Amino acid sequence: MPDATSLPPAGCEVARVDGVFYGDTGGTGDGSSMPVVLLHGFLFDQSMWRAQVAALSARGHRVITVDLPGFGASAVPEEPATMSAYSTAVAAIIDQLALPPVALVGYSMGGQVALDTYAARPDLVTRVVLVDTVAHTDLPEVAQGRRDLAARLEREGIRQYAEEFLPQLLRLDGASAAAVIHARTMMRAADPVGAARALRARADRPDYGPVLDACPLPVLVVVGEHDPFDQGRFGAGMAERAPYGTLEVVAGVGHTPPLEAPDVFTGLLARFVGN
């Protein structure tokens, strides 16, 4: 059975497609509300979206949350992993559920998976939301740092790194105690092998800038005001590259607006997807 930390919010239906675990909530109305697929980031799992699942499903949206391969309750992908291993898993779930085109929402690494999914299967997507993510490829030294970290996680496990990484994800002096506990719990529960393979996939991922350049869909780019990985460098540029891009900056938060400012972030998301 999956660990409780990786389960979707209470009330979700849960299932697997090719070893990938997902939650399926809401959508019991007339079908007029756009389905929403939520993709978590590195060292998290689908439970990060609890607030958004509750709010969007209450508005009539069918909400799909995915444990990306190697995270939460999903199986670890084979080595070498590529970004297409993650996007293929997402596309398989959308196909299995026979969903109409979805709003695809990705946080951090999940944003890169969202762009990879859209690039491979544009027929599945009608809107894109990118939360504290980057589209460009890493500099060589950053990519090598990811590979080095992958080796460390396989060698040492996840616990110590989770504590080191936590202050980069949330502003610990501003986030609620519940958000910090939730983030720490997800991170400590991560499989070091799955995390290592994700890091290697990210080190070798393609440049998604051209995907944004040619995207005819509405694209919402959300960044935390104090995100240490952005600091005004990437979010605005991605919103400008997308022909129909919009930038929203969430005040007072770091790298994780869905957890640090759930009401503000969920309001932005609900307006963007139509409710």
Side-chain angles (χ1 to χ4, degrees), residues 4-10 36 38-56 58-59 63 65 68 71-72 105-112 114 129-135 142 145 149 158-190 195 198-199 202 219-239 245-273:
T5 61
S6 63
L7 285 172
V36 181
L38 301 168
L39 307 177
H40 65 79
F42 180 68
L43 284 191
F44 286 175
D45 58 53
Q46 62 172 293
S47 74
M48 74 166 285
W49 301 111
R50 288 170 177 163
Q52 291 74 44
V53 170
L56 292 174
R59 290 167 167 81
V63 186
T65 51
L68 293 172
F71 294 91
V105 182
Y107 159 69
S108 196
M109 172 187 164
Q112 294 156 4
V129 182
L130 305 172
V131 187
D132 280 310
T133 192
V134 294
V142 175
L149 177 56
I158 211 82
R159 192 178 185 90
Q160 179 59 39
Y161 177 70
E163 290 305 307
E164 295 171 13
F165 191 36
L166 185 62
Q168 299 178 62
L169 293 182
L170 286 80
R171 296 187 74 205
L172 299 183
D173 58 348
S176 70
V180 174
I181 291 169
H182 185 190
R184 177 179 282 118
T185 301
M186 285 189 288
M187 294 167 71
R188 287 180 172 178
L199 285 167
R202 293 172 70 192
V219 175
L220 176 63
V221 177
V222 181
V223 297
E225 180 185 14
H226 303 293
D227 179 5
F229 304 108
D230 187 276
Q231 298 178 331
R233 295 176 293 172
F234 306 125
M238 291 196 303
T246 302
L247 175 69
E248 293 284 358
V249 179
V250 181
V253 305
H255 186 64
T256 316
L259 290 179
E260 296 175 86
D263 292 343
V264 173
F265 174 77
T266 305
L268 293 173
L269 181 58
R271 287 191 291 275
F272 184 70
V273 300

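Model, not experiment: these values are computed from the prediction.
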Taking it one step at a time, do V134 and F229 satisfy side chain to side chain contact (heavy atoms under 4.5 Å, CB included)?
-> CA-CA 9 Å; V134 294; F229 304 108; over 6 Å; no
Between V250 and L268, is a side chain to side chain contact (heavy atoms under 4.5 Å, CB included) present by the stated rule, with each step listed?
-> CA-CA 9 Å; V250 181; L268 293 173; 4.0 Å; yes
Not counting sequence neighbours, which residues clear ring pair (Phe, Tyr, Trp, His ring centres under 6.0 Å) with H40? List them please.
-> F71
Sorted by chain and residue number, the ring pair (Phe, Tyr, Trp, His ring centres under 6.0 Å) partners of F42 (sequence neighbours excluded) come out as none
Of the non-hydrogen atoms in [X] and [Y], which two are nearest, and what is the gap between them?
X    : Y    : result
V131 : P257 : CG1-CD, 4.2 Å
G235 : V221 : O-CG1, 3.6 Å
D45  : G72  : CB-CA, 3.8 Å

Point-to-point distance, once rounded to the nearest 0.5 Å, from [atom1] of [X] to [atom2] of [Y]:
X    : Y    : atom1 : atom2 : result
R50  : L38  : CZ    : CG    : 14.0 Å
M48  : H182 : CE    : NE2   : 8.0 Å
L43  : I158 : CG    : CD1   : 4.5 Å
L199 : M109 : CG    : CE    : 8.5 Å
E248 : L269 : CD    : CG    : 11.5 Å
D132 : F265 : CG    : CZ    : 9.0 Å

All salt bridge (charged side-chain N to carboxylate O under 4.0 Å, His left out) counterparts of R188, not counting sequence neighbours = E163
Of the options V273, T246, L130, which is the one that meets L220 in a side-chain contact (heavy atoms from CB on, under 4.5 Å)?
-> T246
Would you find a donor on one side and an acceptor on the other, under 3.5 Å apart, between the side chain of [X] and the backbone of [Y]?
X    : Y    : answer
E260 : G254 : yes
R184 : L166 : no
T256 : L259 : no

Q52: what forms a side-chain hydrogen bond (donor to acceptor under 3.5 Å, both in side chains) with it, not counting sequence neighbours?
-> T266
Is a side-chain donor-acceptor pair under 3.5 Å present for T133 with Y107?
-> no
Looking at residues at least two apart in the chain, or sitting in another chain, which of them share a side chain to side chain contact (heavy atoms under 4.5 Å, CB included) with S108?
-> H255
Residues at least two apart in sequence or cross-chain that pass side chain to side chain contact (heavy atoms under 4.5 Å, CB included) with V249, listed by chain then number, are V223, E225, L247
Where do L169 and M187 land on the side chain to side chain contact (heavy atoms under 4.5 Å, CB included) test, with the steps shown first?
-> CA-CA 11 Å; L169 293 182; M187 294 167 71; 3.8 Å; yes
